Asks: 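Got a structure for you, written out below as structure tokens; questions coming shortly.
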Protein chains: 2
Amino acid sequence: MKASTDTRQRLLDSARELLYSRSYGNVGVKEICDMAGVQKGSFYHFFPSKQELTLAVLDEFFIISKQEIFSRSFRPEWSGMKQLNALLENIYVFQKGTKEQIGKTLGCPYGNMSSEMSTQDEVIRQRLNGLLQQMEMSLKTALDKALHEGEISPCNTAATAAAMFAFIEGLMLLAKTRNDPELIREIGAAMLTIRIGETAIS
Amino acid sequence: MKASTDTRQRLLDSARELLYSRSYGNVGVKEICDMAGVQKGSFYHFFPSKQELTLAVLDEFFIISKQEIFSRSFRPEWSGMKQLNALLENIYVFQKGTKEQIGKTLGCPYGNMSSEMSTQDEVIRQRLNGLLQQMEMSLKTALDKALHEGEISPCNTAATAAAMFAFIEGLMLLAKTRNDPELIREIGAAMLTIRIGETAIS
DNA sequence: ATCGTAGTTGACCGATCGGTAAAGCGCAAG
DNA sequence: CTTGCGCTTTACCGATCGGTCAACTACGAT
């Protein structure tokens, strides 16, 4: 065939969609191949195993997340708090998008994968943990900015960022369970009230 | 055999352990039967399908949660805020227990199941949603108590309870991803700072 | 003593699982 | 023209999947 070089990419795309909308254990490589229009033997030419495919999907997801969510939220010209607000809004828009497209609120791809696989595949767990830490760091940077610009009073920004990130993950999980992205709008703003180690002066 | 009547219970116990420590899609009914010392045909005498077994496991998990976590947290003689603090502590103790026993932090059984199954099985999703709402209601009751006793200033307790619950779920998910229950201790207290609809007077 | 029934057993179903092997393809470099 | 190679195709592997089935056992009620 001539469609040669994009075969890997089509496999990646199909796998991303299927793994995100379903799960690791409930999606077979046969199904991924069918959606991509690729033979199974060809799959194993590009990926040595389902596990490696999953790691590649995770990495690609991270790139997409940065493009669609993070770069649209953490704009340098915005204040720290405005950045955090934008993050919530962009997450809402993303979740609402999938709901309108396929009728389902899918939640966080990393959180989903972690729930299922963290106890079963140590390599995947560590990859997930690394990606999650990077996102958490983005929150901390925004918080540091907010602190530096006087938007918030002094606190432990590292711990607060971790707590805010936990809140976001839980928020997406609950939105998925209710199959309703509006939950993000309804209670998302509570994230901004989270604080750890606040030195309550004045 | 003579072990007749407890066969169903042994199946339930095995399934609970396996589904919690692994996942739905990665645990087969054969494996559940083996652990329970039960023949597969016998399994289908008690449960019409893997789905029904899962629903039963969820219900039993809820009973256990109430015994091990909720009843030890929401003691009527305690103040609302003390109850919420106790909840965090009991969750920590529980997660730390599994880590010490099997070396892994398993997170929330409902959150795990929801992540994997909410998009694939509507019946399971609804059951999960119902259980989660009940737990959220417990938080609201504690918050109302705290408000009534003057521990906190007026706010939207229903929305605040939902936000606190989201935080807890995210907290357990992150602890699972890091495979470290200590995270619950490190940032768990942030839950108490969450507030929605606070009418900031004075 | 007999019958109904709850429970058990082990074989079996077609389908799918992740993964392998080998042969064949088009194409570019020699 | 030929060789080598990236890629594709097809058939296949043993294992497991969720679920079914009929035969069988043990026991309690009549």
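Because the structure is a prediction, the values reported are computed rather than measured. Just so we're on the same page: letters track the sequence lines, and every chain starts at 1.
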Asks: Going by the rule ring-ring contact (aromatic ring centres under 6.0 Å, His included), which residues pair with F43(A) if we only count those two or more places apart in sequence or in a different chain?
Replies: F47(A)
Asks: What nitrogen or oxygen pairs link the protein and nucleotides 22-25 of chain C at under 3.5 Å?
Replies:
none

Asks: Which residues pass the salt bridge (Lys or Arg N to Asp or Glu O under 4.0 Å) test with K82(B), sequence neighbours left out?
Replies: none
Asks: Just grab all the salt bridge (Lys or Arg N to Asp or Glu O under 4.0 Å) pairs involving residues 168-180 of chain B, residues at least two apart or on different chains.
Replies: E136(A)-R178(B)
Asks: Need to verify one output field. Residue with the more 5' nearest nucleotide on DNA chain D, S49(B) or V38(A)?
Replies: V38(A)
Asks: Please check the phosphate of dT20(C) (OP1 and OP2 only) for any side-chain N or O of Y44(A) closer than 4.0 Å.
Replies: no
Asks: Please identify each residue that fulfils side-chain hydrogen bond (donor to acceptor under 3.5 Å, both in side chains) with R16(A), with sequence neighbours left out.
Replies: D13(A), E60(A)
Asks: dC7(D) P sits how many Å from R8(A) CZ, rounded?
Replies: 11 Å
Asks: At less than 3.5 Å, do the side-chain atoms of K40(A) and the base atoms of dG18(C) form a donor-acceptor pair?
Replies: yes
Asks: Mind calculating the distance between CG (D6(B)) and P (dA6(C)) to the nearest angstrom?
Replies: 18 Å
Asks: Identify which nucleotide among dG19(C), dA6(C), dC7(D) has an atom closest to any side-chain atom of H45(A), counting heavy atoms from C-beta outward.
Replies: dC7(D)
Asks: Among pairs that include at least one residue of residues 91-103 of chain B, which meet salt bridge (Lys or Arg N to Asp or Glu O under 4.0 Å), considering only residues two or more places apart or in two chains?
Replies: K96(B)-E182(B)
Asks: Looking at residues 114-126 of chain A, who's got a heavy atom less than 4.0 Å off DNA chain D?
Replies: none
Asks: Is any side-chain N or O of T7(B) closer than 4.0 Å to OP1 or OP2 of dT8(C)?
Replies: yes
Asks: Starting at atom CD of Q9(A), determine the distance to atom P of dC7(D), rounded to an integer number of angstrom.
Replies: 14 Å
Asks: Where along residues 20-30 of chain B does a heavy atom come under 4.0 Å from DNA chain D, residue by residue in number order?
Replies: V27(B), G28(B), V29(B), K30(B)
Asks: I want to check one thing: is the phosphate of dT8(C), taken as OP1 and OP2, less than 4.0 Å away from some side-chain N or O of Q39(B)?
Replies: no
Asks: For F43(B) and dT16(D), give me the distance from atom CZ to atom C1', rounded to whole Å.
Replies: 16 Å
Asks: Tell me: CG of L11(B) to P of dG7(C), nearest whole Å?
Replies: 12 Å
Asks: N129(B): which residues meet the side-chain hydrogen bond (donor to acceptor under 3.5 Å, both in side chains) condition with it, sequence neighbours left out?
Replies: none
Asks: Output yes when E116(A) and R22(B) qualify as a salt bridge under the 4.0 Å nitrogen-oxygen rule, no when they do not.
Replies: no
Asks: Could you tell me how far apart Q51(B) (CD) and dG19(D) (C1') are, to the nearest whole angstrom?
Replies: 14 Å
Asks: Holding to salt bridge (Lys or Arg N to Asp or Glu O under 4.0 Å), I want the full list of residues that pass it with E122(A), two or more places apart in sequence or in another chain.
Replies: R125(A)
Asks: With sequence neighbours excluded, what pairs up with K30(A) under the salt bridge (Lys or Arg N to Asp or Glu O under 4.0 Å) test?
Replies: D34(A)
Asks: Return each pair, listed once, that meets ring pair (Phe, Tyr, Trp, His ring centres under 6.0 Å) where at least one residue sits in residues 58-81 of chain B; pairs must be two or more places apart or across chains.
Replies: Y20(B)-F61(B), F70(B)-F74(B)
